[in-house]
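Numbers here are sequence positions counted from 1.
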Amino acid sequence: LLCPCFIYGAYVFLPFDAPLLPTVSARLVYTLRCAAFATFPIVLGMMVSGIARLCSSALEPFGELQQEVEIHRTYVSQSVHLFILYFFNMAVLATYLPQEVLKLIPLLTGLFAISRLIYWLSYAIGRSFRAFGFSMTFLPLLAMLLWNLYSMFVLEPENLLA
């Protein structure tokens with residue numbers, strides 16, 4: 001319930017518009033530029049994971065990881081997998097959205113970055129609290145996937161392989 005409310009509130013109240021993007025290639029470049037900002041939580045997680053590994057008291061560098069190091073490593077691994085899914089869905093979404101709704105691309109990017117940071121924080125607090133952050137990442141991703149499939153097979157089936 002929170003994700004659609006956040007996206008709608010940001011869409012209505014934030015004072016910016018997407019630039020005019022008439023071609024598919026311009027939309028893909030715009031999506032690529034926006035997706036660069038979504039890598040911020042992943043890069044931050046890699047840095048924290050490296051620092052945690054340096055500061056751990058493990059005598060064997062390739063041995064068993066401590067829980068503090070394992071949390072950050074798992075977060076980075078899961079974030080990379082979700083980012084790949086996010087990026088490909090966002091690229092397809094940008095090709096099907098009308099020009100006046102392209103403002104959703106940076107908003108969904110911001111939601112992805114913020115929800116990954118919330119997931120990381122809640123995962124570090126306790127494993128039982130991480131469902132909120134994961135659902136803020138996964139449910140918009142699922143909604144994008146369903147919209148992309150609907151657009152491909154129902155709205156424009158003649159251009160599916162074009």
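- In this structure, V101 is not a member of the same hydrophobic cluster as L20, with clusters built from ILVMFWY side-chain heavy atoms closer than 4.5 Å.
- Applying the ring-ring contact (aromatic ring centres under 6.0 Å, His included) criterion to F6, with sequence neighbours excluded, gives no partner residue.
- Cluster annotation: I51 and V76 are assigned to distinct hydrophobic clusters (Ile/Leu/Val/Met/Phe/Trp/Tyr, side-chain heavy-atom contacts under 4.5 Å, transitive).
- In terms of the ring-ring contact (aromatic ring centres under 6.0 Å, His included) criterion, F37 has no residue partners (sequence neighbours excluded).
- Not counting sequence neighbours, F87 has no partner by the ring-ring contact (aromatic ring centres under 6.0 Å, His included) test.
- In this pair, W120 and H72 present their aromatic rings perpendicular. The plane angle is above 60°, beyond the 30 to 60° band.
- Contact of the R116 side chain with the I42 side chain is not registered, since no non-hydrogen atoms from C-beta on lie closer than 4.5 Å.
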Taking only distance into account, with no hydrogens and no angle test, what donor-acceptor pairs under 3.5 Å do side-chain atoms of residues 131-145 form with protein atoms, sequence neighbours excluded?
residue, atom, partner, partner atom, Å
S135, OG, A131, O, 3.1
S135, OG, F132, O, 2.8
T137, OG1, S115, OG, 3.0
T137, OG1, G133, O, 3.2

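- For the side chain to side chain contact (heavy atoms under 4.5 Å, CB included) test, residues two or more places apart in sequence or in another chain that qualify with Y8 are V12.
- Considering only heavy atoms from C-beta on, F112 comes within 4.5 Å of L82 through its side chain.
- Partners of T74 under the side chain to side chain contact (heavy atoms under 4.5 Å, CB included) rule, at least two apart in sequence or in another chain, are E70, Q78, Y123.
- Minimum interatomic distance between F83 and A35 (heavy atoms only, all atoms of both residues): CE1-O, 3.5 Å.
- Remark: Y30 engages no residue in a ring-ring contact (aromatic ring centres under 6.0 Å, His included) (not counting sequence neighbours).
- Among residues at least two apart or in separate chains, side-chain hydrogen bond (donor to acceptor under 3.5 Å, both in side chains) pairs with a member in residues 99-111 are Y86-T109.
- In this structure, Y96 and V92 have side chains that are in contact, with non-hydrogen atoms separated by less than 4.5 Å.
- Nearest heavy atom pair, residue L97 against residue W147, reads CD2-NE1, 4.3 Å.
- Members clustered with L28: V24, by chain and number, using a 4.5 Å side-chain heavy-atom cutoff among hydrophobic residues.
- The shortest side-chain heavy-atom distance between F40 and L44 falls under the 4.5 Å cut-off.
- The side chain to side chain donor-acceptor pair (under 3.5 Å) search around T39 returns none, not counting sequence neighbours.
- Of all non-hydrogen atoms in A94 and T31, the two that sit nearest each other are CB-OG1, 3.1 Å.
- In terms of heavy atoms, P41 sits closest to L117 at CB-CD2, 3.8 Å.
- Residues that satisfy the side chain to side chain contact (heavy atoms under 4.5 Å, CB included) test with S122, not counting sequence neighbours, are F129, R130.
- Atom CG of N148 and atom OG1 of T95 lie 7.0 Å apart (nearest 0.5 Å).
- Linking ILVMFWY side-chain heavy atoms closer than 4.5 Å, directly or via other members, places M46 and L54 in two distinct hydrophobic clusters.
- Closest non-hydrogen pair, L102 versus R27, comes out as CD1-CZ, 3.8 Å.
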- Query: Hey, mind stepping through R33 and V29 against side chain to side chain contact (heavy atoms under 4.5 Å, CB included) and telling me if it holds?
  - Reply: CA-CA 6 Å; R33 289 179 180 169; V29 168; 3.8 Å; yes
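- A distance of 10.5 Å separates CD1 of I71 from CD1 of I125, quoted to the nearest 0.5 Å.
- The side chain to side chain contact (heavy atoms under 4.5 Å, CB included) search around T23 returns S25, A26, not counting sequence neighbours.
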